[in-house]
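Accompanying notes for the structure given below.
This chain uses plain numbering: 1 for the first residue, then up along the sequence.
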Amino acid sequence: MAAAGPPLGPMLGQRAINIAAFCKDFNTKTAEMKEGVPLPCRISMNSDRSYDLVIHHPPATFFLKQAAGIQRGTMTPGREVAGKITLKHLYEIAAIKIQDPPNALLTMKQMCEMLISIARTCGIKVVRDLDPTEYAQFLEERKVIVEAQRRELQEKREAKMLRTG
């Protein structure tokens, strides 16, 4: 759902790209995508004011959080587990992400290793197999922890606003 308004309009306008044509092109290329999914794009300009639009797959963190069934990662990676995924999930995500042009020269093993390190920084643990009932219980316990962290962050923000106001 690209629109000609800010921030897209001014960025394209200063590079002399036809904004209406770009929005139409982008929206037709992303028509089959679900709304709200982040899509990294690369636009390369040509000297005749034309452009090449390359739309990549969503970021790896988006896929990992979707596979783990969580909304956000952990605040303290390495100390806390926000979710779990199986090796099968990891392999499927790697198969999708290796199709992106920046990852085209990577082997599947390198892509999986990269995804494991990204999962670790998000607080997602990669396991061989996962029991659905046990994982559902883990997610319920995790909701309580996340809610406590949100309250703590909100209190810090309010305290900061009081100091600066």
Legend entry - ILVMFWY network linking Ile145 to Met75, side-chain heavy atoms under 4.5 angstrom: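 Ile145 does not cluster with Met75.
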Inset, instruction - Is it possible for you to say whether Val126 and Met114 belong to one hydrophobic cluster, with membership spreading through side-chain heavy-atom contacts below 4.5 Å? - result: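 Both belong to a single hydrophobic cluster.
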Whether [X] side chain and [Y] backbone form a donor-acceptor pair below 3.5 Å:
| X | Y | result |
| --- | --- | --- |
| Asn103 | Met111 | no |
| Tyr135 | Lys84 | yes |
| Asn46 | Asp48 | no |
| Thr28 | Lys24 | yes |
| Asp25 | Ala21 | no |
| Gln110 | Thr107 | yes |

State the [atom1]-[atom2] distance between [X] and [Y], to the nearest 0.5 angstrom.
| X | Y | atom1 | atom2 | result |
| --- | --- | --- | --- | --- |
| Lys125 | Leu130 | NZ | CG | 10.5 Å |
| Ile85 | Leu64 | CD1 | CG | 5.0 Å |
| Lys156 | Glu152 | NZ | CD | 4.5 Å |
| Ile17 | Ser50 | CD1 | OG | 9.0 Å |
| Met45 | Ile43 | CE | CD1 | 9.0 Å |
| Thr30 | Glu35 | OG1 | CD | 9.5 Å |

In this structure, are over 12 heavy atoms from other groups packed under 6.0 Å from [X] atom [atom1]?
| X | atom1 | answer |
| --- | --- | --- |
| Met11 | CE | no |
| Glu32 | CD | yes |
| Gln154 | CD | yes |

List the atom of [X], the atom of [Y], and the distance in Å for their closest heavy-atom pair.
| X | Y | result |
| --- | --- | --- |
| Ala60 | Leu115 | CB-CD2, 3.5 Å |
| Pro59 | Pro38 | CD-O, 3.5 Å |
| Ala82 | Gly73 | CB-C, 4.1 Å |
| Pro58 | Pro40 | CA-CD, 4.1 Å |

Inset, instruction - Would you verify whether the NZ or CZ of Lys97 falls within 45 degrees of the ring axis of Phe63 while also being under 6.0 Å from that six-membered ring's centre? - result: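 No, Lys97 does not sit over the ring of Phe63.
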I want to check something: taking the side chain as every heavy atom from C-beta on, are [X] and [Y] in contact at a cut-off of under 4.5 Å?
| X | Y | answer |
| --- | --- | --- |
| Met108 | Tyr91 | yes |
| Cys122 | Pro77 | no |
| Arg42 | His56 | yes |
| Ile124 | Ile70 | yes |
| Asn18 | Phe22 | no |
| Leu90 | Ile116 | yes |
| Gln66 | Phe62 | yes |
| Cys41 | Val54 | no |

Legend entry - Under the side chain to side chain donor-acceptor pair (under 3.5 Å) test, residues paired with Thr86 that sit two or more places apart: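 Residues passing side chain to side chain donor-acceptor pair (under 3.5 Å) with Thr86: His89.
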Inset, instruction - Can you sort out the partners of Glu80 under side chain to side chain donor-acceptor pair (under 3.5 Å), two or more places apart, ordered by chain and number? - result: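 For Glu80, the residues satisfying side chain to side chain donor-acceptor pair (under 3.5 Å) (neighbours in sequence not counted) are Thr74, Thr76, Arg142, Gln149.
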Inset, instruction - State whether Lys143 and Glu147 are salt-bridged, where the test is any N-O pair (Lys NZ or Arg NE/NH1/NH2 against Asp/Glu carboxylate O) under 4.0 Å. - result: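 Result for this pair is no, no salt bridge flagged.
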Inset, instruction - Given salt bridge (Lys or Arg N to Asp or Glu O under 4.0 Å), test Glu155 with Arg151 step by step and report yes or no. - result: CA-CA 6 Å; Glu155 289 171 3; Arg151 278 196 303 273; 5.8 Å; no
Legend entry - salt bridge (charged side-chain N to carboxylate O under 4.0 Å, His left out) partners of Lys109, counting only residues at least two apart: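 Scan of Lys109 (salt bridge (charged side-chain N to carboxylate O under 4.0 Å, His left out), adjacent residues dropped) gives none.
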